[in-house]
Amino acid sequence: MINFRYHIVSLMAVFLALAVGITLGVTLVSGEANKGLAAQAEQDRRQVQTYREQLQQLQQLDKYRDAYASQIGNEVTAGLLVGVPVAVVAMPDAPRGVIGNVEDAVAGAGGTIASVTNVDPQVFDPSQRQQVLAALAPYNNEFDQNDPPAVRLGKVLARSLLSREVGNSDQSAIDMGNALNGKLINLDRRSDEAARLVLVITAAASDPPLTADTLNRHVAFDVALADGSQGLVVAGPNSTGIDATDVATVRSDVSSRDLLSTVDVVDLPSGVSTVIMAGAEQLAGGQGHYGFHNSSDAPAPQLPIK
């Protein structure tokens with residue numbers, strides 16, 4: 001019977017043989033051979049140093065590009081949203097840093113943030129359907145009974161937060177948002193003004209990716225939300241990947257691709273500026289898809305915004 005001690009002895013024999021081989025090899029590979037190895041090591045060290053310097057140059061170039069894009073973007077978007085109340089809607093897993101950058105850009109363009117709403121993932125989870133329907137039941141005059149849960153919430157939020165006209169939200173709209181706060185959404189209402197423009201911030205591409213059904217529910221929510229506003233832009237931090245994202249789905253869905261605008265690089269300073277430009281374009285009655293991906297129409301809306 002082969003026992004544990006046998007294995008130990010066998011392994012010791014193997015290691016001993018390796019040690020002897022290495023010792024003999026080092027002894028034999030001496031003189032000129034060692035010089036060759038040393039020369040190769042020096043060459044490799046220099047190559048690593050070259051790569052390190054190239055990486056530092058690329059990082060400095062990226063820093064310059066971002067700084068340039070921020071400076072020019074601020075000048076290009078200044079005044080584009082003067083007097084416009086804006087609702088920011090954050091979809092599940094939307095990066096907080098991106099949301100903050102978009103809020104700052106709205107202020108820089110002369111607009112005001114009327115509300116920031118974080119949408120809970122349960123809204124798009126079929127296993128939570130009954131809970132979502134129950135939370136929305138008091139507002140059943142705002143949607144059709146055949147509407148799926150995500151569409152129902154989109155229509156209720158449109159009634160609560162948005163308007164195509166200039167003015168404040170009425171008390172029933174404010175009460176509606178307050179009642180849903182902490183249930184299906186987390187609502188930070190900063191003004192009684194009804195927002196005329198909606199900026200929907202989405203998540204980066206995920207691993208594993210979101211299912212097509214989930215993405216379709218997101219887009220159905222966006223379309224329902226857009227119906228209560230003068231314009232809606234879906235912006236994704238998708239500079240490193242756009243497959244299976246909200247932005248890609250909006251661009252391919254027949255109900256949204258000619259209605260909503262999208263930006264696929266909101267994680268870049270140039271993308272933040274493009275969101276503001278796309279929002280101004282929506283308010284002016286235009287529409288388009290912008291960014292780096294080949295599904296976009298152009299890098300940014302054409303100036304001047306008309």
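Residue numbers start at 1 and run along the sequence shown.
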## Note on the structure
Nearest heavy-atom contact between Ala150 and Val123 is CA-CG1, 4.0 Å
### Message
When you compare the side chains of Asp213 and Thr211, does any donor N or O come within less than 3.5 Å of an acceptor on the partner?
### Response
no
### Query
Any side-chain donor-acceptor pair under 3.5 Å between Glu281 and Tyr290?
yes
#### Entry: Side chains of Ser239 and Asp267, donor plus acceptor under 3.5 Å
yes
### Query
What pair of heavy atoms forms the shortest contact from Ala69 to Ser273, and how long is it?
O-OG, 4.2 Å
### Message
Tell me whether Lys155 is salt-bridged to Asp147, with the criterion being a basic N under 4.0 Å from an acidic carboxylate O.
### Response
yes
### Message
Could you check whether any side-chain N or O of Gln230 sits under 3.5 Å from a backbone N or O of Arg196, counting only pairs where one atom can act as donor and the other as acceptor?
### Response
no
#### Entry: Heavy-atom donor-acceptor pair, Ser191 side chain to Ala114 backbone, under 3.5 Å
no
#### Entry: NZ/NE/NH1/NH2 to OD/OE distance under 4.0 Å, Lys63 and Asp66
no
### Task
Please report the shortest heavy-atom distance between Pro149 and Leu133, naming the atom on each side.
CG-CD2, 3.9 Å
### Asp170 and Arg159 ion-paired at < 4.0 Å
yes
### Message
With no hydrogens and no angle check, just 3.5 Å: does a side-chain donor-acceptor pair link Arg52 and Gln49?
### Response
yes
### Minimum heavy-atom distance between Leu136 and Leu153, given as atom pair plus value
CD1-N, 3.7 Å
### Query
Is the CG atom of Asn186 crowded by more than 12 outside heavy atoms at less than 6.0 Å?
yes
### Task
Might you point out which heavy atoms bring Thr274 and Ser270 nearest each other, and give the distance in Å?
OG1-O, 2.7 Å
### Salt bridge present between Asp264 and Arg251 (N-O < 4.0 angstrom)
yes
### Query
Roughly how far, to the nearest 0.5 Å, is OG of Ser160 from CZ of Arg189?
4.5 Å
### Query
Do Glu103 and Arg190 sit within salt-bridge range, that is, some charged N less than 4.0 Å from a carboxylate O?
yes
